Amino acid sequence: MRLIFVKAESSKYTILVPVKYPVGGIRTYIKYTFIKFDKYKYEFILASQDCKRAEDLKEEFGDINFKVISSSSKNDFFALAKTVLKALIFQKIDLIHSQGYTAGLITCIINLFFQKPHIITLHHVFRAGQLSDSFWETFPRLKRKLIELILKRASLIQAVSEDARINLLQNFPGLSKLGARIVANSNGIDIDGFIKSTEIKEKIQLPGNIFLLGFLGRFMPEKGFPYIIDIVEELIKKHQFTEFRVVSIGTFGGFFREYKKIIEQRELTQYFIFPGFVKNTYNALSKIHILLIPSLGEACPLVPMEALIAGTPVIGFSCIGLREVLAGTPGILVPVKDVDGMVKEILNIKSNFQQMKTEFIDFIPVAKARFDVTNTAIRLEQLYKQLL
C-alpha cells in the first residue's frame with residue numbers, strides 16, 4: 001500500500017536526508033518509510049559520505065523519487081558536512097530529515113546558516129556510561145550540555161519509540177524544555193514487501209528435521225550474541241538437549257571472529273549455522289521454531305515485529321525498546337542477561353510447541369495491523385505538514 005495525499009502545490013517538496021552510514025536500522029527505516037510517500041508530491045535526496053551503500057539503497061526504491069549525493073574526504077565527519085552543505089547550496093531544499101545523532105548534530109550546525117525546517121530521527125538509545133569516553137571522561141557534563149545545545153536547534157526531534165524518547169530525556173534532561181518538539185513515532189514493517197519476498201529460499205537451506213533456534217542481527221555486544229553462546233552451552237551440558245541448531249543471520253563483521261573463536265573453544269561449532277546477511281528474512285523466520293533476542297538495549301527493533309508477522313515464537317530480554325514492541329503480544333520476556341530464564345522458556349515452548357505456535361499464528365492479523373509501516377509514514381507526513 002502506498003500513501004496518496006492530496007497536493008495543492010504545483011511542485012514537489014524536496015526532502016534532504018543526511019545520514020552517516022545508511023546501514024542497519026537506519027537503512028531499513030529509510031527503505032520502509034519513504035517508499036510509502038507519494039512520488040508526485042515528494043522527492044528525497046540522500047546525503048551521505050558512504051556513496052556505495054547509498055547507491056545500493058537507491059536501487060531498492062524503484063520508481064520513487066530518490067537521489068543520492070556524496071563528497072569525498074579522509075574524515076567521515078567532514079565528508080558528511082561537505083555533502084550536506086553542497087546540497088543546501090545547490091539544491092532547492094524544502095525540509096531536512098536527518099537520520100541518527102551524528103547526521104543530526106552536523107546538520108544542525110550547518111543549518112544555522114540556512115534556517116531550513118529540520119527533523120532529526122534518532123535510532124539509538126544510550127546505556128549507562130556510554131557518554132563517558134575519551135576526552136569526555138573528564139568532562140561528561142560538558143559533552144551533554146554541548147549535545148543538548150546543538151539538538152535544540154532542530155525543529156523537531158523524533159524518537160522511534162516511547163522508550164527511546166524517555167531514554168533521550170533521561171540522558172539529556174535539558175531537552176525537556178523542547179516539550180512537544182520531541183515526539184515518538186514507532187517503527188514499522190513494509191508488510192507486503194516482507195511477506196512476498198522469496199529471496200531467502202535462494203540464499204540458505206535450513207534442515208527440516210531438527211529444532212531450530214534463531215538469532216537475527218549484528219554480531220556485536222549490545223545485540224547480546226555472547227548470551228546465545230551461553231544458552232547453547234547450558235542447553236547441552238545442563239539439560240542434555242542436543243537436537244537443535246542455532247540459525248544466526250547477520251553480516252560477518254565487528255565481533256564475529258571473536259565470537260566464532262569462543263564457539264570453537266567451547267566445542268559448540270556443530271550447533272551453529274551462519275548463512276550470512278540476507279535482505280529479507282520472512283521464509284527463514286517461518287522455518288525457525290523460536291527466535292531469540294538477547295539484546296541489552298534497543299530503540300525500536302524490527303526483528304521481533306517481523307517474527308510476529310511470520311507467526312514465529314519470540315523470547316527476548318526485557319530491555320528498553322524490545323519490551324515496548326513485545327508488550328501485548330504472545331512474545332515472552334525474561335530479565336536482561338538471564339540465561340537460565342531464557343533456557344527455561346525455550347524448553348517450555350519446545351515441550352508445548354504446537355499450542356504455542358498456534359497462539360503466535362493467531363496473533364498474525366493483529367501484528368500486521370499494529371506494525372504496518374504505513375502508520376509510521378502517515379504520522380511522519382503529518383510532521384512534514386507542520387513544518388512545510
Side-chain angles (χ1 to χ4, degrees), residues 5 9 11-22 25-27 29-30 33-34 37 41-50 54 65-71 76-124 144-161 164-165 168-169 171-172 174-185 187 299 376-388:
F5 301 107
E9 296 82 358
S11 61
K12 296 175 184 175
Y13 291 121
T14 301
I15 314 298
L16 178 65
V17 185
V19 54
K20 186 178 181 182
Y21 296 115
I26 290 179
R27 175 191 177 91
Y29 176 87
I30 293 172
T33 307
F34 292 163
F37 280 79
K41 183 173 181 180
Y42 295 97
E43 65 178 359
F44 297 92
I45 299 178
L46 184 68
S48 174
Q49 87 278 7
D50 193 338
N65 290 290
F66 194 83
K67 302 176 183 177
V68 171
I69 58 173
S70 63
S71 297
D76 289 345
F77 178 93
F78 289 113
L80 181 56
K82 284 170 59 179
T83 304
V84 172
L85 182 61
K86 183 169 66 175
L88 288 170
I89 291 174
F90 296 106
Q91 303 286 336
K92 178 186 173 296
I93 303 299
D94 296 297
L95 183 144
I96 306 170
H97 186 181
S98 298
Q99 304 295 319
Y101 280 93
T102 302
L105 292 171
I106 291 172
T107 305
C108 276
I109 295 171
I110 296 173
N111 195 40
L112 288 171
F113 303 98
F114 297 90
Q115 296 297 305
K116 299 289 185 180
H118 182 198
I119 299 176
I120 304 176
T121 293
L122 301 179
H123 303 265
H124 180 77
R144 292 175 190 267
K145 292 297 182 183
L146 181 59
I147 292 176
E148 287 176 354
L149 182 64
I150 297 173
L151 288 178
K152 285 178 180 179
R153 302 300 307 178
S155 307
L156 283 170
I157 298 175
Q158 176 184 245
V160 293
S161 69
R165 188 189 70 84
L168 173 68
L169 294 176
N171 282 277
F172 301 100
L175 294 179
S176 60
K177 297 178 181 179
L178 297 182
R181 288 167 55 197
I182 300 182
V183 300
N185 184 10
N187 279 343
T376 307
I378 288 174
R379 292 189 293 264
L380 178 59
E381 203 266 350
Q382 291 171 346
L383 296 179
Y384 284 2
K385 282 184 175 182
Q386 291 178 27
L387 300 180
L388 289 170

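None of these values were measured; they are calculated from a predicted model.
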Do Arg181 side-chain atoms and Leu175 backbone N/O form a donor-acceptor pair below 3.5 Å? no

Residues Leu122 and Ile157: closest non-hydrogen pair is CD1-CG2, 3.6 Å

Looking only at non-hydrogen atoms, find the nearest pair between Thr376 and Thr33 and report the distance. CG2-OG1, 4.3 Å

May I ask you to decide if the ring planes of Tyr42 and Tyr13 are parallel, tilted or perpendicular, using 30° and 60° as cut-offs? tilted

Audit row: Lys145, Leu149, side-chain contact (heavy atoms from CB on, under 4.5 Å) steps and yes/no: CA-CA 6 Å; Lys145 292 297 182 183; Leu149 182 64; over 6 Å; no

Separation between CG of Leu383 and CG of Leu388, rounded to the nearest 0.5 Å: 10.5 Å

Side chains of Asn111 and Val84 in contact at under 4.5 Å (non-hydrogen atoms): no

Closest non-hydrogen atom pair, Pro117 against Ser155: CA-OG, 3.6 Å

Nearest 0.5 Å, what's the CD1-OG1 distance between Ile45 and Thr83? 12.0 Å

Minimal heavy-atom distance between Asp94 and Lys12, with the atoms involved, is OD2-O, 3.7 Å

Sorted by chain and number, sequence neighbours left out, salt bridge (Lys or Arg N to Asp or Glu O under 4.0 Å) with Lys177 holds for none

With side chains defined as the heavy atoms from C-beta onward, is the minimum distance between Tyr29 and Leu380 less than 4.5 Å? yes

Residue Arg379 excluded, over 12 heavy atoms near CZ under 6.0 Å: yes

Could you measure the distance from the NE2 atom of His123 to the CD1 atom of Ile30? Nearest 0.5 Å is fine. 7.0 Å

Might you confirm whether atom CZ of Phe114 has over 12 heavy atoms from other residues, nucleotides or ligands at distances under 6.0 Å? yes

Using modelled atom types and a 3.5 Å cut-off, is there a donor and acceptor pairing between side-chain atoms of Glu148 and backbone atoms of Gly174? yes

Under the rule for ring pair (Phe, Tyr, Trp, His ring centres under 6.0 Å), what residues qualify as partners of His118, not counting sequence neighbours? none

I'd like to know if the side chain of Lys116 reaches the main chain of Ile93, judged simply by a donor and an acceptor atom lying under 3.5 Å from each other, with no hydrogens or angles considered. yes

With Phe34 as reference, evaluate Phe66, Tyr384, Phe44 under the ring pair (Phe, Tyr, Trp, His ring centres under 6.0 Å) test and give the passing residue. Phe44

Ile120 and Cys108: CA distance, side-chain angles, deciding distance, side-chain contact (heavy atoms from CB on, under 4.5 Å) verdict: CA-CA 9 Å; Ile120 304 176; Cys108 276; 3.7 Å; yes

Arg153 side chain to Thr107 backbone, donor-acceptor under 3.5 Å: no

Can you see which heavy atom on Ala87 is nearest to which on Leu16, and at what distance? CB-CD1, 3.6 Å

Give me the atom names and distance for the closest heavy-atom approach of Ile106 to Phe77. CG1-CE1, 3.4 Å

Check the pair Leu105 / Ile109 against side-chain contact (heavy atoms from CB on, under 4.5 Å), numbers first and verdict last. CA-CA 7 Å; Leu105 292 171; Ile109 295 171; 5.6 Å; no

Closer than 3.5 angstrom, by distance alone: can the side chain of Ser48 be matched with the main-chain N or O of Val19 as a donor-acceptor pair? yes

Could you go step by step and tell me if Thr14 and Gln91 meet the side-chain contact (heavy atoms from CB on, under 4.5 Å) rule? CA-CA 9 Å; Thr14 301; Gln91 303 286 336; 5.6 Å; no

Donor-acceptor contact present, side-chain Gln49 to main-chain Lys20, <3.5 Å: yes

Could you tell me whether the side chain of Ser161 and the main chain of Ala299 form a donor-acceptor pair under 3.5 Å? yes

Are the side chain of Arg144 and the backbone N or O of Asn171 linked by a donor-acceptor pair below 3.5 Å? yes

